[in-house]
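Letters go in sequence order (proteins before strands), and every chain restarts at 1. Reckoned from all heavy atoms, side chains included, excluding hydrogens, waters and symmetry mates.
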Amino acid sequence: DTGVSQNPRHKITKRGQNVTFRCDPISEHNRLYWYRQTLGQGPEFLTYFQNEAQLEKSRLLSDRFSAERPKGSFSTLEIQRTEQGDSAMYLCASSQGYLYGYTFGSGTRLTVV
Amino acid sequence: KQEVTQIPAALSVPEGENLVLNCSFTDSAIYNLQWFRQDPGKGLTSLLLIQSSQREQTSGRLNASLDKSSGRSTLYIAASQPGDSATYLCAEETSGSRLTFGEGTQLTVNP
């Protein structure tokens with residue numbers, strides 16, 4: 001297992017377009033998280049899955065954002081009708097539980113022009 | 001509201017110096033505290049995880065401590081090297097479902 005994998009690494013899109021990111025967690029990790037990080041800030045929590053169930057969503061996650069984790073394996077994060085304020089690094093992490101800490105992927109850098 | 005604060009925001013030191021990065025948190029009902037390293041434009045690399053029942057963890061030249069009563073954690077880096085230059089982030093987990101991050105300390109180690 002090579003860790004948490006995120007694709008694509010970079011995405012440039014025009015305002016108003018939809019984008020989708022993918023995260024493949026470490027295979028034995030049942031918990032999966034999405035975070036967003038803007039320049040000079042720490043990552044902010046977006047949403048959390050345990051297996052296929054989405055258990056928690058931040059109020060940062062507007063109606064334009066949706067996340068799924070079918071079959072409790074990989075996850076996708078979709079942003080509809082992108083806005084310039086959506087430009088950020090989107091980070092995915094997975095965990096076996098709070099005793100084990102989190103493993104983060106390399107992130108997807110989104111630029112909305 | 002949970003808050004995590006890191007001081008200083010930026011630090012520049014000569015190679016070989018020992019240094020301490022500080023992290024304070026407001027919620028004492030902490031499950032664990034984790035220190036990460038982030039290189040520019042990259043994801044987060046986990047450095048050390050301290051569970052709530054522990055006082056410190058060590059890995060190589062790094063030592064992290066946790067004091068729940070004062071709401072503080074420190075990351076000690078011994079004999080710093082230019083390759084240590086990065087942003088260091090601390091994060092607390094209090095609910096089992098999310099991490100709350102500080103804004104990070106940007107470290108530059110000059111040769």
**Student:** So which of B/T108, B/L21, B/V20 actually passes side chain to side chain contact (heavy atoms under 4.5 Å, CB included) with B/L11?
**Tutor:**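 Among the candidates, only B/L21 passes.
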**Student:** Considering only heavy atoms and a distance below 4.5 Å, find which of A/G40, A/G101, A/S58, A/G107 pairs most often with chain B.
**Tutor:** A/G101
**Student:** Contact part of B/L49 toward chain A, heavy-atom cut-off under 4.5 Å: side chain, backbone, both or neither?
**Tutor:**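 The answer is the side chain of B/L49.
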**Student:** Output every pair passing ring pair (Phe, Tyr, Trp, His ring centres under 6.0 Å) with a member in residues 51-84 of chain B, not counting sequence neighbours, ordered by first then second residue.
**Tutor:**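 Of all non-adjacent pairs touching residues 51-84 of chain B, none passes ring pair (Phe, Tyr, Trp, His ring centres under 6.0 Å).
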**Student:** What verdict does the ring-ring contact (aromatic ring centres under 6.0 Å, His included) test give for A/Y33 and A/F45, after you've listed the backbone C-alpha separation in whole Å, the side-chain angles of each residue and the deciding distance to 0.1 Å?
**Tutor:** CA-CA 8 Å; A/Y33 310 81; A/F45 171 80; 7.1 Å; no
**Student:** Taking side chain as everything from C-beta outward and backbone as N, CA, C, O, which of these in A/Y100 sits under 4.5 Å from a heavy atom of chain B? Side chain, backbone, both or neither.
**Tutor:** backbone
**Student:** Examine B/R72 relative to B/F25 and say whether NZ or CZ is less than 6.0 Å from the centre of the six-membered ring and inside a 45° cone about the ring axis.
**Tutor:** no
**Student:** Of all the residues in residues 85-95 of chain A, which have a heavy atom that comes within less than 4.5 Å of a heavy atom in chain B?
**Tutor:**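 A/M89, A/L91 fall under the 4.5 Å cut-off.
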**Student:** Does CD belonging to B/Q106 count more than 12 external heavy atoms closer than 6.0 Å?
**Tutor:** no
**Student:** Using a cut-off of under 4.5 Å on heavy-atom pairs, state which of A/P43, A/G42, A/S106, A/G105 scores highest against chain B.
**Tutor:**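 The option with the most such pairs is A/P43.
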**Student:** Quick one: what part of A/Q37 sits under 4.5 Å from any heavy atom of chain B, side chain, backbone, both or neither?
**Tutor:** side chain
**Student:** Taking the inter-plane angle between the rings of B/F101 and B/F36 on a 0 to 90° scale, is it parallel (under 30°), tilted (30 to 60°) or perpendicular (over 60°)?
**Tutor:**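 Judged by the thresholds at 30° and 60°, the geometry between B/F101 and B/F36 is tilted.
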**Student:** Should the pair A/F21 and A/W34 be assigned to parallel (<30°), tilted (30 to 60°) or perpendicular (>60°) ring geometry?
**Tutor:**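 Ring orientation of A/F21 relative to A/W34: tilted.
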**Student:** Tell me if the CZ atom of A/R15 is crowded by more than 12 foreign heavy atoms within 6.0 Å.
**Tutor:** no
